[in-house]
Participant: 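The structure's right below; bear with me while I get my questions together.
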There are 2 protein chains.
Amino acid sequence: MALGDAILACLTERPMTGYELAKTFDSSIGFFWKADHQQIYRELSKLRDRGHIQGREVVQSGKPNKLVYTLTPEGRTALRHWAARPSTPASTKDDLLVRLHALDSIDIEPLRTDLMARLEHHRDRHANYERILKKRFPEGTAEGRLDLGNLLLLRLGARHEQMVADFCEEALDALSAMTGKATVVPLDEGKREGKG
Amino acid sequence: MALGDAILACLTERPMTGYELAKTFDSSIGFFWKADHQQIYRELSKLRDRGHIQGREVVQSGKPNKLVYTLTPEGRTALRHWAARPSTPASTKDDLLVRLHALDSIDIEPLRTDLMARLEHHRDRHANYERILKKRFPEGTAEGRLDLGNLLLLRLGARHEQMVADFCEEALDALSAMTGKATVVPLDEGKREGKG
DNA sequence: CGACTTTTTCCTGTTACGGTAAATAACGGG
DNA sequence: CCCGTTATTTACCGTAACAGGAAAAAGTCG
């Protein structure tokens, strides 16, 4: 059980509905933890059965009623106990790395395309982290404990994305050096002389 | 199906038994992909059923007979096709990050302990990567395509571990600054005056 | 003899992931 | 009035992954 604890962690900030949680898992905590709404609703039921959270129905007009979930004291305790256990370092499990491991048995062109897409992806994410950092922590310092955690997270995220983006560039360069082609050459779609 | 493809990727290097694969998933590729022997044997059966690999029994004396698995042409094709599809960037899913996200609702002492353990862990891994790099690529350059992939992987791994280790240090420093304690103070095991 | 290595297999769970779908409730367009 | 959309929750399906416990078969080492 880890997704459940991630949800508990989210609910420490403020009570939320499953719908809000799903959106949260699409932005802030979702930067390093993916979960779709089905997973979240399922986990919420389990947490409620366990007594770790408590739902309060809020009647709305104009929208379906919503269930706002709040941490119970038991939930807080459970979270603290979970957080007191040593964490297990997760393994990366990135398809891209597996492909690099079998580099001489796969086609390089699609790999190159993939690397370029990933480069863009990680650059985007890096820019996004930097944007949030500048907005939430213009001084680069945190005041409260909650802020400190999020500042550290954002910094780690930014650095990670930066590093992976650099890696993609490097890999692309190395592939180009190996195949003797220029890095991208998307222009000049005319005739191309053979390379051997 | 990703573990299956990781196994196929391993088998491109040379035919292997499940036992050898389990050990491989404990060192080289295991640096970024964890799988125990049960998972591997189960996946091998599936791959064999699919015709992607082929087992050849080798009679041994002194040891139980072993099943050496080789990639079939279909397996090679499947791997190439899989590698030609765009990769999906995996999310980190590290407990430690969730805990930082809920920093103001958890106990800091165990978190500190955890961070120190992680710091050591990532430093060890970094040293290990560097060791292998120096041994396999003393020049820092690769010759063949297979070598290039592994060189890139090792470099990425080394940088990643370095970065996470730095992060742990930084987080520890920040926590210390916040609680007003010194970073570790493991020496001087004599009497320790109460802290409040 | 017992402990250990090598090698494979089977078992039982839980957790996670993915897709498809629907029910409820209102709003707005054509 | 039907249709689509947004907000909100729930259901069911299957597969993949992870965790752990067990054992069998053949030999070596102490």
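Chain A is the first sequence line, chain B the second, and so forth, proteins listed ahead of strands; every chain is numbered from 1. Predicted model, so just to flag it, every value in this text is computed and none were measured.
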Participant: Using a 4.0 Å heavy-atom cut-off across all strands, classify B:T17 as base, sugar-phosphate, or nothing.
Facilitator: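 If one applies the 4.0 Å heavy-atom cut-off, B:T17 turns out to touch the sugar-phosphate alone, with no base involved.
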
Participant: Could you tell me whether A:R85 and B:D114 have a side-chain N and a carboxylate O separated by less than 4.0 Å?
Facilitator: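 No, this pair does not count.
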
Participant: Looking at A:F31, is its backbone amide N or carbonyl O close enough to the side chain of A:R125 to form a donor-acceptor pair, meaning the two atoms are under 3.5 Å apart?
Facilitator: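 Side chain of A:R125 to backbone of A:F31: a pair is present.
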
Participant: Within this structure, what is the CZ-to-C1' distance between B:R42 and D:dA16, rounded to whole angstrom?
Facilitator: 10 Å

Participant: Any side-chain heavy atom of A:I106 sitting closer than 4.5 Å to one from B:W82?
Facilitator: no

Participant: Looking at C:dA16, C:dT7, C:dT9, which one has an atom nearest to any side-chain atom of B:K66?
Facilitator: C:dT7

Participant: Without decimals, in angstroms, what is the distance between A:D49 CG and D:dT10 C1'?
Facilitator: 14 Å

Participant: Assign A:K23 to base, sugar-phosphate, or nothing according to its heavy-atom contacts below 4.0 angstrom with the strands shown.
Facilitator: nothing

Participant: Whole-Å distance between D:dA16 P and B:L3 CG?
Facilitator: 10 Å

Participant: Write out a two-atom table: protein N or O, nucleotide N or O from nucleotides 20-23 of chain C, distance below 3.5 Å.
Facilitator:
from: C:dT20; atom 1: O4; to: A:Q38; atom 2: NE2; distance (Å): 2.6

Participant: Taking atom C1' in both D:dT6 and C:dA22, compute the distance separating them and give it to the nearest angstrom.
Facilitator: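 That atom pair is separated by 16 Å.
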
Participant: Find the distance B:L21:CG to C:dT9:P and express it as a whole number of Å.
Facilitator: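 Nearest whole value for this atom pair: 13 Å.
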
Participant: So, for B:H122 and B:C168, which heavy atoms are closest and what is the spacing to 0.1 Å?
Facilitator: CD2-SG, 4.4 Å

Participant: Write down the distance between CE (B:M16) and P (C:dT6), rounded to a whole number of angstrom.
Facilitator: 16 Å

Participant: If we only count heavy atoms from C-beta on, is the B:L97 to A:L152 side-chain gap below 4.5 Å?
Facilitator: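 Not in contact.
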
Participant: When rounded to the nearest Å, what value does the distance between C1' atoms of C:dT24 and D:dG4 take?
Facilitator: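 The same atom, C1', in both gives a distance of 16 Å.
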
Participant: Report yes if at least one side-chain N or O of A:Y41 is closer than 4.0 Å to OP1 or OP2 of D:dT10; otherwise report no.
Facilitator: no

Participant: What integer distance in Å separates A:L44:CG from D:dA11:C1'?
Facilitator: 15 Å

Participant: Let's see if you can work this out: which of D:dT10, C:dT8, C:dT15 has an atom nearest to the side-chain heavy atoms of B:Y19?
Facilitator: C:dT8

Participant: So, B:D94 and B:R118, do they make that salt bridge, N to O below 4.0 Å?
Facilitator: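 B:R118 and B:D94: salt-bridged.
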
Participant: Please state how far atom CG in B:D95 lies from atom P in C:dA16, giving the value in whole angstrom units.
Facilitator: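 Taking CG of B:D95 and P of C:dA16, I get 10 Å after rounding.
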
Participant: When you match B:Y69 and A:A35 each to their closest nucleotide on DNA chain C, which lands nearer the 5' end?
Facilitator: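 The residue whose closest nucleotide sits nearer the 5' end is B:Y69.
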
Participant: Counting side-chain heavy atoms from C-beta on, which of C:dA16, D:dA17, D:dT9 comes nearest to A:A2?
Facilitator: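 Output: C:dA16.
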
Participant: Answer yes or no: is there an ion pair linking A:R48 with A:E43, defined by an N-O contact shorter than 4.0 Å?
Facilitator: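 Looking at A:E43 together with A:R48, the answer is no, because their closest N to O distance does not fall below 4.0 Å.
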
Participant: Report the distance from atom CD of A:Q39 to atom P of D:dC12, rounded to the nearest whole Å.
Facilitator: 18 Å

